[in-house]
Amino acid sequence: MLIDRAGPPGAHDSVVLDNPAAGAGLVDHLVGQGFSRIGGLFGSTSSTARERRAGYEAAMARHGLEPSSRTVAPNAATAEAAAARWLAESDRPEALVLSNGLILMGALRAARTLGLRVPGDVALAGFDNEPWTDLVEPGLTVVEQPVDEIGAQAMRLLFERIAQPDQPVRKVVLSGRTVLRGSTRRG
C-alpha cells in the first residue's frame with residue numbers, strides 16, 4: 001500500500017492526490033488573477049513533484065503561456081537559495097507555483113529577504129495547507145490534500161488486500177481543495 005505515491009503501474013495499491021489537476025488548478029487561479037509570467041519551482045526527487053509540474057505545464061500551454069520551471073532539492077534551504085537567485089533576475093516571474101510546503105516556505109523567505117511584496121511583486125501559490133500558511137501575512141494560497149480521506153481509503157484498500165490478496169491492484173485518486181488566501185490576490 002502506497003500513500004501519496006503511486007509507484008510503478010500495477011505494482012501496488014495506492015491512494016494519491018490528483019497532482020496534475022492540482023498543479024493545473026493553481027495556474028488557472030493565477031491566470032484568473034491576471035498573472036501571465038508564472039514560474040514553477042518543483043522538487044527534484046518525487047513523483048508528486050513531477051506530476052504537479054506536468055499539470056503546471058499543461059495549464060500554461062492551455063492558456064497560451066510559456067512555462068518556465070526549475071527543479072530543486074525539496075527542502076526549504078535549497079528552495080530559498082534557488083528562489084532568491086530567480087527572483088533577483090530582471091525578468092523574474094510575476095507568480096510562482098511551488099510543489100510542496102518546504103519549497104513554498106523557502107520561496108517566501110527568499111521574497112522577504114529580497115524585500116519583495118507578496119503578492120505585489122511576486123504571487124506565491126503552493127501545496128500543503130500547513131498551519132503556518134495562514135499565520136503569515138498575507139496568508140498563502142495552497143492546495144490542501146484530503147489527508148483524512150487519503151488515510152481512510154488506504155486503510156480500506158489494505159484490509160481488502162489482506163482479505164483478498166489476489167485481487168487486481170487498485171489506485172484511488174482524490175481531489176485536493178484550493179485554499180485561496182492573500183498571496184495570490186491582485187489589486
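Everything numeric in this text was worked out from a predicted model, so none of it was measured.
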Quick one, [X] and [Y] - any side-chain contact, counting heavy atoms below 4.5 Å?
X    : Y    : answer
Q153 : I3   : no
T133 : V179 : no
H63  : I38  : no
R52  : L26  : no
V143 : T178 : yes
S14  : R5   : no

(request) Identify the residue among L180, L104, V97, N129 that makes a side-chain contact (heavy atoms from CB on, under 4.5 Å) with T141. (result) L180
With the 4.5 Å side-chain cut-off for hydrophobic clustering, are [X] and [Y] part of the same group?
X    : Y    : value
V136 : L87  : yes
L102 : V142 : no
L114 : M105 : yes
L157 : L2   : no
W86  : F42  : no

Ignoring hydrogens and angles, tell me if any N or O in the side chain of [X] forms a donor-acceptor pair with the backbone of [Y] under 3.5 Å.
X    : Y    : answer
S183 : L124 : yes
R186 : G34  : yes
Y56  : L98  : no
N19  : E51  : no
Q167 : E160 : yes

Nearest 0.5 Å please: distance from the [atom1] atom of [X] over to the [atom2] atom of [Y].
X    : Y    : atom1 : atom2 : value
S44  : R53  : OG    : CZ    : 10.0 Å
T45  : R50  : OG1   : CZ    : 8.0 Å
L116 : R92  : CG    : CZ    : 5.0 Å
D128 : L140 : CG    : CG    : 12.0 Å

(request) Write out all pairs satisfying side-chain hydrogen bond (donor to acceptor under 3.5 Å, both in side chains) with one or both partners inside residues 97-112, taking only residues at least two apart or from two chains. (result) none
(request) Check side chain to side chain contact (heavy atoms under 4.5 Å, CB included) between D4 and all other residues, then give those that pass, not counting sequence neighbours. (result)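 If we apply the side chain to side chain contact (heavy atoms under 4.5 Å, CB included) test to D4, skipping adjacent residues, the hits are T48, Q145.
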(message) Checking H29 against T184 for the side chain to side chain donor-acceptor pair (under 3.5 Å) test, could you report, in this order, the C-alpha distance in whole Å, the side-chain angles of both residues, the deciding distance, and whether it holds?
(response) CA-CA 8 Å; H29 167 67; T184 57; 2.7 Å; yes
Could you tell me which non-hydrogen atom of [X] sits nearest to which non-hydrogen atom of [Y], and how far apart they are?
X    : Y    : answer
A107 : A83  : CA-CB, 3.8 Å
P146 : L174 : CG-CB, 3.9 Å
G39  : P93  : N-CB, 3.7 Å
L17  : G176 : CD1-N, 3.3 Å
W132 : G101 : CZ2-O, 3.5 Å
S69  : E57  : OG-OE2, 3.7 Å

Pairs where [range] contributes a residue and the test salt bridge (Lys or Arg N to Asp or Glu O under 4.0 Å) is met, not counting sequence neighbours:
range            : value
residues 132-152 : E144-R177
residues 69-81   : R70-E89
residues 21-45   : D28-R62
residues 8-17    : D13-R161, D13-R170

